[in-house]
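Each ligand, and each atom within it, is numbered from 1 in the order the structure gives.
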Amino acid sequence: MDLTLIALLLTLLMLPHVHCLLPTRQLYQYPIGTWIENLAIRQNGSLLFTSINAPGELHSLNPFDGTEPVLVASFPGFNTTLGIVETTPDNFYLLADNYSFSGPNAGPQPGSGTVFQVDFANVSSSDGLPTVTKLVNVKEAKEFNGLTAFNDTLLLAADSALGAVWAIDTLSSSAYILSQDPLMTPVGSTDGIKLGVNGIHFRNGSLYFTNTHLFLFAKLDLDSDARPRGPATVVARALEEEGVQTTWDDFTLGYGEVAFVASAGGNAVQAIKWDGSVSNVAGSVNSTLIAQPTSAKFGRTERDSDVLYVTTAGGLGTSVIQGGVPVLVGAQIVAVDLKDHHVF
Ligand SMILES: *[C@@H]1O[C@H](CO)[C@@H](O)[C@H](O)[C@H]1NC(C)=O
Ligand SMILES: *[C@@H]1O[C@H](CO)[C@@H](O)[C@H](O)[C@H]1NC(C)=O
Ligand SMILES: *[C@@H]1O[C@H](CO)[C@@H](O)[C@H](O)[C@H]1NC(C)=O
Ligand SMILES: *[C@@H]1O[C@H](CO)[C@@H](O)[C@H](O)[C@H]1NC(C)=O
Ligand SMILES: *[C@@H]1O[C@H](CO)[C@@H](O)[C@H](O)[C@H]1NC(C)=O
Ligand SMILES: *[C@@H]1O[C@H](CO)[C@@H](O)[C@H](O)[C@H]1NC(C)=O
Ligand SMILES: *[C@@H]1O[C@H](CO)[C@@H](O)[C@H](O)[C@H]1NC(C)=O
């Protein structure tokens with residue numbers, strides 16, 4: 001083997017942690033004061049996103065043709081939409097409540113947490129919009145957040161203030177607490193907000209979740225009846241970036257043992273491996289390229305299966321600081337291109 005080649009290989013082996021940040025492309029930006037919260041992708045490639053307060057409701061964006069987002073479903077009496085998940089093709093469920101950013105009653109209005117069905121497979125012929133059905137109001141839920149599906153009829157919903165995961169049976173429209181594991185507990189943060197279990201995703205017998213203010217990513221194994229097999233275990237802990245303790249919001253599971261997580265405090269997408277390693281893949285602490293990301297999902301078509309779409313809250317909840325000053329931008333929809341890039 002050629003000496004230069006050996007030297008090159010040695011150099012590559014010695015730099016396992018050196019990586020380049022991935023290119024980002026902003027698809028759309030809402031006005032200042034908006035918060036896009038969660039994301040689902042339709043089988044035809046359109047993005048669906050939920051929102052806290054503004055713009056609210058459910059919007060859809062075709063990521064390919066340069067058009068602006070359009071309103072596709074409304075939820076009268078609810079000013080906030082949260083976790084969203086697809087169960088059967090083009091049939092979605094989402095969480096909604098009344099949320100207040102300020103005042104003595106900041107947070108979700110008690111008793112307002114509700115599950116809706118948004119069915120694009122049952123489009124009303126007159127306007128081409130999905131059928132929206134209120135499934136169940138879970139009065140005891142304190143703060144609905146992330147949503148995932150155990151199977152086609154059993155949803156799992158994170159409750160960030162209760163520190164629990166609810167199971168919601170779409171057939172009987174009933175709900176029960178599936179787990180209130182200590183790793184789901186909300187603890188106090190410096191800004192007074194207490195967010196426990198936040199993003200949740202179920203795959204192959206395991207429920208993965210972030211706990212924002214415990215700064216961790218964990219997993220809870222479930223049996224075939226959706227009962228916990230034991231206590232949850234920590235998979236990884238949130239990175240410190242430039243001396244800043246970053247926080248984790250929602251995430252998506254990649255191929256293999258990796259998750260891509262929206263790092264609110266890090267203004268970045270971070271990759272988590274099941275061996276506990278964490279790496280920044282796009283964005284950075286003091287940048288508004290991905291300003292307070294809230295969720296991430298891969299494209300579903302051949303054209304964009306290597307594209308990670310990321311939603312943001314523009315720094316409305318966790319400020320982006322530049323030159324010591326908080327900078328606010330409108331909520332963003334950002335595409336991160338993972339094609340030909342190695343994350344680790
Ligand atoms: C998906 O279908 C909707 C109609 O339900 C359409 O408005 C939208 O443009 C389609 N998205 C893509 C990416 O083709
Ligand atoms: C949403 O509803 C809550 C409770 O009614 C209220 O405090 C808050 O101001 C509302 N937000 C908006 C943007 O209307
Ligand atoms: C949300 O707040 C509005 C305005 O205060 C109120 O009319 C509505 O009933 C509330 N919805 C729920 C589910 O509590
Ligand atoms: C489609 O939606 C209508 C309400 O608009 C409902 O009555 C009907 O049962 C739904 N069909 C299916 C197959 O879900
Ligand atoms: C699913 O989980 C089982 C049991 O933990 C494991 O043996 C299997 O490799 C997993 N399958 C995939 C596709 O990850
Ligand atoms: C989903 O899982 C629950 C809990 O095990 C079970 O009761 C239900 O029948 C399952 N639904 C489907 C469609 O398999
Ligand atoms: C970068 O962001 C961190 C965390 O928000 C902040 O503490 C720091 O002051 C910022 N740096 C600059 C140069 O603004």
Side-chain angles (χ1 to χ4, degrees), residues 27-28 30-35 37 39-82 86 89-92 96-114 118-132 142-144 150 201-208 219-224 229-230 233 235 253-259 273-274 297-305 307 309 313 316-317 331 333 335:
L27 295 182
Y28 188 75
Y30 284 92
I32 284 183
T34 47
W35 182 309
E37 169 65 8
L39 171 70
I41 306 201
R42 288 183 62 188
Q43 53 189 3
N44 78 350
S46 273
L47 318 184
L48 296 175
F49 27 86
T50 62
S51 154
I52 300 183
N53 276 204
E57 318 290 8
L58 184 68
H59 285 208
S60 173
L61 176 67
N62 180 329
F64 305 121
D65 65 3
T67 51
E68 299 203 339
V70 290
L71 177 68
V72 286
S74 294
F75 309 89
F78 296 82
N79 62 29
T80 288
T81 46
L82 303 143
E86 182 184 41
D90 243 0
N91 178 37
F92 296 81
D97 66 17
N98 261 347
Y99 192 96
S100 178
F101 278 118
S102 55
N105 302 317
Q109 183 186 335
S112 66
T114 299
V118 179
D119 192 358
F120 287 89
N122 184 6
V123 166
S124 140
S125 55
S126 56
D127 55 12
L129 294 177
T131 306
V132 178
K142 286 175 96 173
E143 184 163 15
F144 271 157
F150 176 75
H201 293 282
F202 178 76
R203 184 170 77 186
N204 189 32
S206 297
L207 179 69
Y208 297 89
K219 93 174 190 166
L220 177 70
D221 292 335
L222 301 179
D223 69 14
S224 57
R229 288 184 184 275
T233 52
V235 175
L253 297 170
Y255 304 108
E257 302 193 328
V258 59
K273 268 177 86 175
W274 279 206
K297 281 263 153 57
F298 281 100
R300 286 180 69 177
T301 74
E302 233 167 81
R303 266 175 89 172
D304 66 352
S305 60
V307 175
Y309 295 103
L316 206 52
I333 313 296

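Counting heavy atoms closer than 4.0 Å to ligand 1, residue Phe64 contributes side-chain atoms (C-beta onward) but none from N, CA, C or O.
Listed by atom number, the atoms of ligand 1 under 4.0 Å from Ser46 heavy atoms are 1 (C), 8 (C), 10 (C), 11 (N), 12 (C), 13 (C). Within ligand 2, the atoms closer than 4.0 Å to a non-hydrogen atom of Gln109 are 4 (C), 5 (O), numbered from 1 in the order shown.
Looking at heavy atoms from C-beta onward, Glu86 lies out of side-chain contact with Asn91 at the 4.5 angstrom threshold.
Remark: the backbone N or O of Ser102 is paired with a side-chain donor or acceptor of Ser100 at under 3.5 angstrom. Between the side chain of Asn44 and the main chain of Ser46, a donor-acceptor pair closer than 3.5 Å is present. A donor-acceptor pair is defined here as one N or O able to donate and one able to accept, closer than 3.5 Å; no such pair exists between the side chain of Ser305 and the backbone of Gly299. Using modelled atom types, no side-chain atom of Ser74 and backbone atom of Pro76 make a donor-acceptor pair closer than 3.5 Å.
Closest to atom 2 (O) of ligand 2 by heavy atom, among Asn105, Asp97, Asn79, is Asn79.
Under the 4.0 angstrom criterion, atom 7 (O) of ligand 5 counts as lacking any protein heavy-atom contact. For atom 11 (N) of ligand 5, a protein heavy-atom neighbour is present inside the 4.0 Å cut-off. Of the protein's heavy atoms, none falls inside 4.0 Å of atom 4 (C) of ligand 5.
Counting protein heavy atoms only, atom 9 (O) of ligand 1 is closest to Asn62 ND2, 3.4 Å. The closest protein non-hydrogen atom to atom 13 (C) of ligand 5 is Asn204 ND2, 4.3 Å. For atom 1 (C) of ligand 1, the nearest protein heavy atom (residue, atom name, distance) is Asn44 ND2, 1.4 Å.
A centroid separation of less than 6.0 Å is found between the aromatic rings of Tyr30 and His59. In this structure, the ring of Trp35 has its center less than 6.0 angstrom from the ring center of Phe101.
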